Novice: 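Before I ask anything, here is the structure I am working with.
Quick note on labels: first sequence line is chain A, next is B, and so on, each numbered from 1. If you're wondering where the values come from, they're calculated on a predicted model, not measured in any experiment.
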There are 2 protein chains.
Amino acid sequence: MLSKKTKYGLKALAYLASQENKQPRQISEIAEHENISQKFLESILLTLRKTGFLGSKKGKGGGYYLIKEPSEISMATVMRVLEGPIAMIACVSLNFYEKCDDCPDEKACSVNRLMLKVRDSNLDIYRNNTLADLI
Amino acid sequence: MLSKKTKYGLKALAYLASQENKQPRQISEIAEHENISQKFLESILLTLRKTGFLGSKKGKGGGYYLIKEPSEISMATVMRVLEGPIAMIACVSLNFYEKCDDCPDEKACSVNRLMLKVRDSNLDIYRNNTLADLI
DNA sequence: AATTACCCTATCGATTTAATAGGGTTTACA
DNA sequence: TGTAAACCCTATTAAATCGATAGGGTAATT
């Protein structure tokens with residue numbers, strides 16, 4: 001299941017991308033508009049700033065704003081930062097690969113094969129959708 | 001992430017499907033062959049029996065066996081029983097639909113749109129793969 | 001009658017999740 | 001220059017879930 005962290009993060013990014021001008025938007029404004037706990041959203045936006053998606057401005061009139069164009073923000077990178085691995089199991093993950101303890105031979109594993117198909121198709125979607133496609 | 005319950009359940013089904021004859025296979029045999037905790041596997045096989053995938057035979061020479069042909073067992077139904085919803089968020093789920101608390105209008109929701117694409121593609125994979133395709 | 005093997009319930013430690021609390025620090029602006 | 005606005009950061013917590021274990025009960029075969 002998609003975590004609320006990811007859900008809220010995506011909504012916040014979409015909200016920022018839908019703004020006409022690029023003025024900073026306050027946490028409180030985003031939280032209210034998207035019905036998100038303000039404190040929780042605060043930590044999510046912090047993550048998105050540290051990972052290079054958002055910039056921030058302190059003090060009066062401050063807030064968060066997008067650093068890149070929405071069309072240049074791939075859902076694959078956003079999902080990896082907020083949700084973690086795109087693959088459903090580590091043995092088919094590109095960025096978070098890990099071997100299964102119980103599996104002597106991945107190539108002969110039925111679960112591996114099925115989940116590889118799922119990962120491929122999901123990766124395809126995430127790579128071919130940008131923030132601009134969400135709004 | 002895929003739960004170990006689902007992973008083990010799929011492996012057990014695949015193991016049973018790969019057998020030449022249809023004699024019952026003991027829990028201990030499956031557990032050993034697939035490197036699964038026997039007690040944990042026991043509860044999983046019980047679930048699969050109650051949901052109509054497996055039959056069981058008690059007493060000496062007993063065990064579990066497939067009720068249907070592997071080619072008639074869709075991954076979609078298996079996944080729903082073991083893992084739960086195929087959708088990553090309830091508001092795009094066919095079998096486990098729920099409205100989001102925070103979302104006033106699903107049709108206008110960016111997360112909803114993205115996750116709908118993901119669900120469609122995953123559903124497509126699960127519906128078009130049977131147990132026979134795993135072995 | 002004894003053994004085999006499935007059946008069922010309860011419990012538990014570890015981890016994760018979502019949220020809350022409580023402040024600290026920086027900046028803009030009057 | 002001081003004060004309020006708004007981001008920054010750490011710690012804590014309640015609840016849920018997961019994976020596994022324990023301990024026995026029941027049915028069927030030989």
Novice: From the options C/dG22, C/dC8, D/dA6, select the nucleotide whose nearest atom is closest to the side chain of B/Leu46.
Specialist: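 Among the listed nucleotides, the one closest to the side chain of B/Leu46 is C/dC8.
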
Novice: So do the side chains of B/Leu114 and A/Leu134 get within less than 4.5 Å of each other, counting heavy atoms only?
Specialist: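 B/Leu114 vs A/Leu134: side chains touch.
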
Novice: Using 30° and 60° as the class boundaries, would you call the ring planes of A/Tyr15 and A/His33 parallel, tilted or perpendicular?
Specialist: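 Ring orientation of A/Tyr15 relative to A/His33: tilted.
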
Novice: In terms of the nearest nucleotide of DNA chain D, which residue is placed more toward the 5' end: B/Gly61 or A/Glu42?
Specialist: A/Glu42

Novice: So what does A/Leu45 touch, heavy atoms closer than 4.0 Å: a base, only the sugar-phosphate, or nothing?
Specialist: nothing

Novice: Whole Å only: how far is the CD atom of B/Gln38 from the P atom of C/dC7?
Specialist: 13 Å

Novice: Is a donor-acceptor pair below 3.5 Å formed from side chain B/Lys39 to base D/dG19, judging by atom type as modelled?
Specialist: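 For B/Lys39, whose side chain was compared with the base of D/dG19, there is no donor-acceptor pair (under 3.5 Å).
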
Novice: Looking at D/dC9, I'd like to know if its phosphate oxygens (OP1 or OP2) sit under 4.0 Å from a side-chain N or O belonging to A/Ser43.
Specialist: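 No, no such contact exists.
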
Novice: Should A/Arg49 be listed as having a side-chain N or O under 4.0 Å from OP1 or OP2 of D/dC8?
Specialist: yes

Novice: Quick check for you: among C/dC6, C/dA21, C/dC8, whose closest atom lies nearest to any side-chain atom of B/Ser56?
Specialist: C/dC6

Novice: Just call it for A/Lys4: base, sugar-phosphate, or nothing, with non-hydrogen atoms closer than 4.0 Å on any strand.
Specialist: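 Here A/Lys4 touches the backbone only, sparing every base.
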
Novice: Can you check the A/Lys60 NZ to C/dT25 P distance for me, whole Å?
Specialist: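 Atom-to-atom, A/Lys60 to C/dT25, this comes out as 22 Å.
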
Novice: B/Leu41 has an atom CG; how far is it from atom C1' of D/dT21, in whole Å?
Specialist: 14 Å

Novice: For C/dC7 and B/Tyr64 - does any side-chain N or O of the residue sit under 4.0 Å from the phosphate oxygens OP1/OP2?
Specialist: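 Yes, because at least one side-chain N or O of B/Tyr64 sits under 4.0 Å from OP1 or OP2 of C/dC7.
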
Novice: Side chain of B/Lys58: nearest nucleotide among C/dA19, C/dC6, D/dC9?
Specialist: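 In terms of side-chain proximity for B/Lys58, the closest of C/dA19, C/dC6, D/dC9 is C/dC6.
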
Novice: Counting only heavy atoms not in A/Glu106, do more than 12 fall under 6.0 Å of its CD?
Specialist: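 Yes, the 6.0 Å shell around CD holds more than 12 heavy atoms from other groups.
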
Novice: Does a side-chain N or O from A/Ser37 land closer than 4.0 Å to OP1 or OP2 of C/dA18, or not?
Specialist: no

Novice: Applying a 4.0 Å non-hydrogen cut-off, can you work out what B/Lys50 is touching in the nucleic acid: base, sugar-phosphate, or nothing?
Specialist: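 It contacts sugar-phosphate atoms only.
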
Novice: Where the side chain of A/Phe40 is concerned, which of C/dC8, C/dT20, D/dC8 is the nearest nucleotide?
Specialist: C/dT20

